[in-house]
Peer 1: 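Structure incoming, see below.
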Amino acid sequence: MSLESIIEQIKGVLDAPEGKVSLYFTKKDYRSSYTSYKPGISIDLQKEFVTIVIEALEELKEKEVVPFNPTGSLDDTLEVCNYESVDSLSHIIYSLDEGRLLEFPPDDISKFTFYCLVIKPNGSHDEEELLFFRRVTKFKKLKKGIVGRIVSGDFEKIDAELLGIDNYIDIVGYDSQLTIMNHISMERIFDIKTQYQESAKRTLAMIKDSNRIENFEQFEEDSINDGRVIRGLTKILQEPDKVNRCFENFEKVKELVNVVELDIKFSEDGSKIIYERKDQLQNITLIIRDAYYQTFITERLGVDELA
């Protein structure tokens, strides 16, 4: 569903939001489980939330939509992916179930890392929900001084940690598809580093089978612990044949290393890359991703970081 269609659906909620708008604050617990708390929100506040969503989506609806890329995103684009491609999403949605919600908020509400605004345009129980995710804005207490508010002419001290809800949306979920406005928030909200590591292991297994990297065990260990590299290895899974194509054209690999002047050595018989240290990780994975290029007119050498 397009953002324009979502906007039209929820505009009608402004007239009668009661029972159609819910707010959940969520934190991650041990071993990728999540717990959520559902505070009560007044009808006026529900209207304000809906207005925030509409205004945020209006700003984004004209942007180009592209498939989600683990290695990064281009400016002025939205990314999309299916629910099933995000392992933690089902656990998060599970935590929103009425029977599993926290009865009371935790003592330390700063542990909430994001919130989810759930809107049911028709208010029907079995209706598919619109999910709007946003990282929580946290206001830390002053190291010295007092934070307060004026109530009925009196200044009152605020002791509690404050949580902020601004006028942005990071991710929209509907019709089994996520539309991502903020790439970093996709990683932070859904904590997909662990998922990237598991995906990277699948790519590393293919690289191991090629038998083209000497000291592979160290290469594998260092790769799994490098966030930038595991994103690139995860991206390869979208085109797994890249691994075979790269190493089947090994003479081209050696030619590339020479032309770009990469600090990479080869075994004595010329059949393997010799992995020596961590600062070679990125260059080796860029080779496998076929990310190096040369422009047609000026023959300038470059790297496509999103390849």
Side-chain angles (χ1 to χ4, degrees), residues 10 13-14 16-53 56 83-84 86-142 146-149 151-152 156-174 176 178 182 185-195:
I10 61 178
V13 177
L14 283 172
E18 189 173 11
K20 300 175 183 178
V21 182
S22 301
L23 176 66
Y24 301 86
F25 289 99
T26 303
K27 63 185 181 76
K28 183 184 177 186
D29 297 321
Y30 183 60
R31 288 186 177 177
S32 298
S33 64
Y34 292 81
T35 52
S36 297
Y37 175 71
K38 180 183 179 182
I41 49 176
S42 67
I43 293 178
D44 286 342
L45 196 52
Q46 290 177 48
K47 290 181 179 180
E48 193 168 342
F49 283 138
V50 174
T51 300
I52 286 173
V53 170
Y83 280 9
E84 59 264 26
V86 181
D87 292 345
S88 65
L89 181 58
S90 61
H91 300 289
I92 292 170
I93 293 175
Y94 186 64
S95 78
L96 307 184
D97 185 88
E98 289 293 334
R100 303 189 178 278
L101 292 170
L102 293 171
E103 187 175 356
F104 302 101
D107 293 334
D108 184 3
I109 63 171
S110 68
K111 292 188 180 298
F112 288 131
T113 55
F114 65 92
Y115 62 85
C116 179
L117 192 67
V118 178
I119 299 178
K120 293 183 176 182
N122 299 315
S124 172
H125 178 72
D126 57 355
E127 175 185 6
E128 184 172 1
E129 301 167 327
L130 284 158
L131 310 175
F132 301 92
F133 295 94
R134 173 68 173 160
R135 281 189 289 170
V136 166
T137 300
K138 299 175 183 178
F139 300 95
K140 298 294 184 182
K141 291 181 182 177
L142 297 175
I146 297 171
V147 175
R149 62 180 180 175
V151 180
S152 300
E156 295 183 353
K157 180 180 178 181
I158 298 174
D159 291 316
E161 179 81 20
L162 302 177
L163 298 176
I165 294 178
D166 57 23
N167 60 336
Y168 295 96
I169 298 295
D170 287 328
I171 300 161
V172 176
Y174 185 73
S176 300
L178 296 174
N182 187 314
S185 291
M186 175 71 172
E187 299 186 4
R188 301 275 174 80
I189 288 174
F190 297 125
D191 192 31
I192 53 181
K193 182 179 179 181
T194 300
Q195 184 176 335

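Numbering starts at 1 and runs along the sequence shown.
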Peer 1: If you draw a 6.0 Å radius around CG in Asp97, do more than 12 non-hydrogen atoms from other residues or ligands fall strictly inside?
Peer 2: yes

Peer 1: If you round to the nearest 0.5 Å, how far is CG of Leu45 from CD1 of Ile165?
Peer 2: 7.0 Å

Peer 1: Any chance you could measure Ile92, atom CD1, to Cys116, atom SG, to the nearest 0.5 Å?
Peer 2: 8.5 Å

Peer 1: Looking at every heavy atom in both Pro121 and Val13, which two are closest together, and how far apart are they?
Peer 2: CA-CG2, 3.7 Å

Peer 1: Is the ring centre of Phe190 less than 6.0 Å from the ring centre of Phe133?
Peer 2: yes

Peer 1: Using only atom types and a distance under 3.5 Å, with no angle test, would you say the side chain of Tyr83 pairs donor to acceptor with the backbone of Tyr174?
Peer 2: yes

Peer 1: Does this structure show an ion pair linking Lys27 with Asp29, if we count only N-O contacts that are shorter than 4.0 Å?
Peer 2: yes

Peer 1: Could you go step by step and tell me if Asp191 and Tyr34 meet the side-chain contact (heavy atoms from CB on, under 4.5 Å) rule?
Peer 2: CA-CA 11 Å; Asp191 192 31; Tyr34 292 81; 3.7 Å; yes

Peer 1: Quick one, Leu89 and Leu178 - any side-chain contact, counting heavy atoms below 4.5 Å?
Peer 2: yes

Peer 1: In terms of heavy-atom contacts, does CD of Glu128 have more than 12 from other residues, nucleotides or ligands at under 6.0 Å?
Peer 2: yes

Peer 1: Could you report the tightest heavy-atom contact between Arg135 and Asp170, atom names first, then the distance?
Peer 2: N-OD2, 2.9 Å

Peer 1: Just verifying a value: how many Å separate Ile52 CD1 and Leu117 CG, rounded to the nearest 0.5 Å?
Peer 2: 8.5 Å

Peer 1: For Ile41, is there any backbone N or O sitting under 3.5 Å from a side-chain donor or acceptor partner on Gln46?
Peer 2: yes

Peer 1: Nearest 0.5 Å, what's the OG-OH distance between Ser95 and Tyr37?
Peer 2: 14.5 Å

Peer 1: Between atom CZ of Arg188 and atom NZ of Lys28, what is the distance when rounded to the nearest 0.5 Å?
Peer 2: 13.5 Å

Peer 1: Nearest 0.5 angstrom please: Ile10 CD1 to Leu130 CG, how far?
Peer 2: 7.0 Å

Peer 1: Can you name the closest pair of heavy atoms from Leu14 and Pro17 and give their distance?
Peer 2: O-CD, 3.9 Å

Peer 1: Under 3.5 Å, which donor-acceptor pairs do the side chains of residues 19-26 form with other protein atoms, sequence neighbours left out?
Peer 2:
residue: Lys20; atom: NZ; partner: Ala16; partner atom: O; Å: 3.4
residue: Thr26; atom: OG1; partner: Ser36; partner atom: OG; Å: 2.7

Peer 1: With sequence neighbours excluded, give me every side-chain hydrogen bond (donor to acceptor under 3.5 Å, both in side chains) pair touching residues 111-121.
Peer 2: none

